[in-house]
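In what follows, a structure is listed as structure tokens, so that the remarks can point back to it.
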Amino acid sequence: MKHNSVCCIYNTSLHYRWPIFKALSDNFDIDFCFGTDTVYSKSIKTFDPSRLPGYRRQLKNRRLFGKFYWQSGAVAMAFKPYKKYLLLGEAYCLSSWTIALLAKLLGKKTVCWTHGWYGRESRSKKIVSKWFYSLFDNILTYNEYAADLLAAGGISRKKIDIIGNSLDTAKHRLMRQQLRKTSVYSDRFGNDNPVLLYCGRIQKSKRLELLIEAASRLKSTHKNVNLVFVGKDDEQVDLETVAANHGILAETWFYGPCYDEEKLAELFYNATACVSPGNVGLTAVHSLSFGCPVITHDNLPYQGPEFESIRPGVTGDFFRQNDVDDLKRVIEKWLSRSDEEREAVAKAAFSEIDRMWNVDYQLSVFRRVL
């Protein structure tokens, strides 16, 4: 069997990562190994890794203790004739420690693709993960915030690059040209009130009841808004009951899960803002890709790395975490924007995505380190 120069070993074939994995396949001599998804929630969508020309084998993710796991079959790849290894930078994966150590002994290069630190890690977790990161020649973090934390913790800044994150960049750029105002919301609600959208899994950690309560308080001051929730209720959050208790059930649309990008683009573009009262992750990239500003909380250690795509007052805003009154205040700022101002926000959103939250930017980083 012919081996390429790079071997990518990843936890599982996450569906949203298909575009970047396909781009890696198209631009590098790279082979892929993916674990099963048993370490993670079964609700996470995956792609068929055999679609990648360089797909070599499926690994078995085996839980050991706590959050630690081992990828059966992964360590054997360290003895194959690869020059470089691109590994998911997850210290809980003990087989990755082994591969990184073996690579050092065998004179091979390793690249770590990781969230890095959030800023809420315990002292012991920092110590252990610092040992882990020190094994790698290069570290790729999603944002500057994580890179700065790692550097402050003693990891050489010279070996850290910002990789960002992305969705289907090529498809979204084409769709960007088709975006237009439609009656999707006025047809549904029978009014022209501003629309606040949430798109993602319905989970308790997202604190979506805060958005419902903020909308209720806006209604009490005669500033009516419509709410739209796009996503599956994974945890029986039962937002319908929450909306009914706050008297805004008629102004709330529980859209359900949607994977149709054409429909999602229409929903995002026609909304006033996307609001994620808990943490925000790729939802921010998704929303900005279709010109919709993003509102989320300001406690950065408890945020997803994509919060860095939000520039206050330009591509979105932050409110004080868990503070409904402050969420209401921030939403009100965006309700009063004119059509011209909203168009300027959409252009700023596109510009932010084009800056670093795209596949092309990620490839430019990979070209420097692989």
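Values reported hereafter were calculated over all heavy atoms of this structure, with side chains retained and with hydrogens, waters and symmetry mates removed.
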Next item on the list: Given salt bridge (Lys or Arg N to Asp or Glu O under 4.0 Å), test Asp325 with Arg217 step by step and report yes or no.
Entry: CA-CA 8 Å; Asp325 286 329; Arg217 294 188 186 188; 2.4 Å; yes

Check: What pair of heavy atoms forms the shortest contact from Ile295 to Ala273, and how long is it?
Finding: CD1-CB, 4.0 Å

Next item on the list: State whether the number of non-hydrogen atoms from other residues, nucleotides or ligands found under 6.0 Å of Lys333 atom NZ is greater than 12.
Entry: yes

Notebook entry, point to check: Hey, does the side chain of His286 reach the backbone of Leu282 with a donor-acceptor pair shorter than 3.5 angstrom?
Noted result: no

Item checked: Same cluster (ILVMFWY, side-chain, under 4.5 Å), Leu101 and Phe79 -> yes

Item checked: Least distance between heavy atoms, Cys292 atom then Ser287 atom -> O-OG, 2.8 Å

Next item on the list: Consider only side-chain heavy atoms of I, L, V, M, F, W and Y, link residues closer than 4.5 Å, and tell whether Ile139 and Leu86 are in one cluster.
Entry: yes

Margin query: Any salt bridge linking Asp48 with Arg51? Criterion: basic side-chain nitrogen under 4.0 Å from a carboxylate oxygen.
Written below: no

Margin query: Is the distance from the ring center of Phe229 to that of Trp253 below 6.0 Å?
Written below: no

Next item on the list: Mark yes or no for whether Tyr16, through its side chain, and Ser166, through its backbone, hold a donor-acceptor pair below 3.5 Å.
Entry: no

Checklist line | Any pair counted as salt bridge (Lys or Arg N to Asp or Glu O under 4.0 Å), so long as it reaches residues 341-353, sequence neighbours left out | finding: Arg311-Glu352, Glu352-Arg355

Notebook entry, point to check: Are the aromatic rings of Trp117 and Tyr145 close, with centres under 6.0 Å apart?
Noted result: no

Notebook entry, point to check: Testing Phe307, Phe318, Tyr302 for side chain to side chain contact (heavy atoms under 4.5 Å, CB included) with His297, which one passes?
Noted result: Tyr302

Margin query: Could you check whether any side-chain heavy atom of Ile163 comes within less than 4.5 Å of a side-chain heavy atom of Thr141, counting everything from C-beta outward?
Written below: no

Checklist line | Pi-cation contact, Phe47 with Arg17 (under 6.0 Å, within 45°) | finding: no

Next item on the list: Write down the atom of Gly119, the atom of Leu149, and the distance for their closest heavy-atom approach.
Entry: N-CD1, 3.5 Å

Item checked: Single-linkage hydrophobic cluster, 4.5 Å side-chain cutoff, Tyr255 and Leu196 together -> no

Check: Think Lys181 forms a cation-pi with Tyr269, using NZ or CZ under 6.0 Å from the six-ring centre and within 45 degrees of its axis?
Finding: yes

Next item on the list: On the 0 to 90° scale, with breaks at 30° and 60°, tag the Phe32-Phe34 ring pair as parallel, tilted or perpendicular.
Entry: parallel

Check: Where does the angle between the aromatic ring planes of Phe28 and Phe366 fall among parallel (under 30°), tilted (30 to 60°) and perpendicular (over 60°)?
Finding: perpendicular

Next item on the list: Apply the side chain to side chain contact (heavy atoms under 4.5 Å, CB included) test between Arg368 and each candidate in Asn138, Leu140, Asp161; give the one that qualifies.
Entry: Asp161

Checklist line | Side-chain donor-acceptor contact under 3.5 Å, Tyr185 with Asn226 | finding: no

Check: What do the steps show when you test Leu267 against Val230 for side-chain contact (heavy atoms from CB on, under 4.5 Å), and what is the final call?
Finding: CA-CA 9 Å; Leu267 294 172; Val230 180; 3.9 Å; yes

Notebook entry, point to check: Can you find a pair of side-chain heavy atoms, one from Glu235 and one from Arg201, that are under 4.5 Å apart?
Noted result: no

Margin query: Under 4.5 Å between side-chain heavy atoms, counting indirect links through other Ile/Leu/Val/Met/Phe/Trp/Tyr residues: same cluster for Phe319 and Val280 or not?
Written below: no

Notebook entry, point to check: In terms of side-chain geometry, is the basic nitrogen of Arg173 or Asp354 positioned less than 4.0 Å from the acidic oxygen of its partner?
Noted result: yes

Margin query: Just by distance, no angles: are the side chains of Thr114 and Tyr133 close enough, under 3.5 Å, to form a donor-acceptor pair?
Written below: yes

Margin query: Using a 3.5 Å distance criterion without hydrogens, assess whether the side chain of Thr315 forms a donor-acceptor pair with backbone atoms of Val294.
Written below: no

Note to self: Main chain of Phe21, side chain of Ser25: is a donor-acceptor contact present, judged purely on distance under 3.5 Å?
What the structure shows: no

Margin query: Determine whether a donor-acceptor pair (N or O, by modelled atom type, separation under 3.5 Å) exists between the side chain of Ser216 and the backbone of His246.
Written below: yes

Note to self: As a quick check of understanding, evaluate side-chain contact (heavy atoms from CB on, under 4.5 Å) for Thr252 and Ile212, giving each step before the final call.
What the structure shows: CA-CA 9 Å; Thr252 306; Ile212 291 174; 5.7 Å; no

Check: Ser122 side chain to Lys125 main-chain N or O, any donor-acceptor pair under 3.5 Å?
Finding: yes

Check: What residue pairs, at least two apart or across chains, pass salt bridge (Lys or Arg N to Asp or Glu O under 4.0 Å) with a residue in residues 102-114?
Finding: none

Item checked: Side chain proximity check, Lys159 to Ile155, heavy atoms < 4.5 angstrom -> yes

Notebook entry, point to check: Taking side chain as C-beta onward, heavy atoms only, is Arg157 less than 4.5 Å from Asp148?
Noted result: yes

Next item on the list: May I ask you to check whether Trp334 and Asp317 show a side-chain donor-acceptor distance below 3.5 Å?
Entry: yes

Margin query: For a quick test of reading the model, state the closest non-hydrogen atom pair linking Gln71 to Asn11 and the distance between them.
Written below: NE2-CA, 3.6 Å

Next item on the list: Would you mind checking if Lys171 and Asp168 are paired as a salt bridge, meaning a charged N to carboxylate O distance below 4.0 Å?
Entry: no

Checklist line | From CA spacing to verdict: side-chain contact (heavy atoms from CB on, under 4.5 Å), Val275, Tyr198 | finding: CA-CA 6 Å; Val275 183; Tyr198 170 80; 5.9 Å; no

Margin query: What I'd like to find out is whether the side chain of Lys84 reaches to under 4.5 Å of the side chain of Val111, using heavy atoms alone.
Written below: no

Notebook entry, point to check: Counting only N and O atoms by type, is there a donor-acceptor contact under 3.5 Å from the side chain of Asp137 to the main-chain atoms of Thr110?
Noted result: yes

Margin query: For the residue pair Arg63 and Trp70, would you count it as a cation-pi contact if the rule is NZ or CZ under 6.0 angstrom from the ring centre and within 45 degrees of the ring axis?
Written below: no

Next item on the list: Would you check if there is a donor-acceptor pair between the side chains of Asp238 and Thr241 at a distance under 3.5 Å?
Entry: yes

Note to self: If the threshold is 4.0 Å, N to carboxylate O, is there a salt bridge linking Glu261 and Arg176?
What the structure shows: no

Check: Any side-chain donor paired with an acceptor under 3.5 Å for Asn279 and Gln303?
Finding: no

Item checked: Shortest non-hydrogen separation from Cys258 to Lys263 and the atoms involved -> SG-CB, 4.1 Å

Note to self: A side-chain contact here means heavy atoms from C-beta on lying under 4.5 Å apart; do Trp113 and Tyr10 qualify?
What the structure shows: yes

Next item on the list: Keeping the roles fixed (side chain from Ser134, backbone from Trp131), state whether a donor-acceptor pair exists under 3.5 Å.
Entry: yes

Notebook entry, point to check: Does Leu208 share a hydrophobic cluster with Val195, counting links as ILVMFWY side-chain heavy atoms below 4.5 Å and allowing steps through other members?
Noted result: no

Margin query: Glu251 and salt bridge (Lys or Arg N to Asp or Glu O under 4.0 Å): which single residue from Lys219, Arg188, Lys223 fits?
Written below: Lys219

Item checked: Glu121 side chain vs Tyr118 backbone, donor-acceptor pair below 3.5 Å -> yes

Item checked: Chi angles and distances behind the side-chain contact (heavy atoms from CB on, under 4.5 Å) call for Ile353, Val285 -> CA-CA 7 Å; Ile353 294 300; Val285 174; 3.9 Å; yes

Checklist line | Whether Asp31 side chain and Arg56 backbone form a donor-acceptor pair below 3.5 Å | finding: no

Note to self: In the structure I gave you, are the side-chain heavy atoms of Asn299 and Asn322 within less than 4.5 Å of one another anywhere?
What the structure shows: no

Next item on the list: Starting from the C-alpha separation in whole Å, work towards a yes-or-no answer on side-chain hydrogen bond (donor to acceptor under 3.5 Å, both in side chains) for Arg180 and Asn270.
Entry: CA-CA 8 Å; Arg180 60 187 179 86; Asn270 284 276; over 6 Å; no

Next item on the list: Please name the pair of heavy atoms, one in Leu211 and one in Pro277, separated by the smallest distance, quoted to 0.1 Å.
Entry: CB-CG, 3.9 Å

Notebook entry, point to check: Is there a side-chain contact between Val365 and Ile162 (heavy atoms, below 4.5 Å)?
Noted result: no

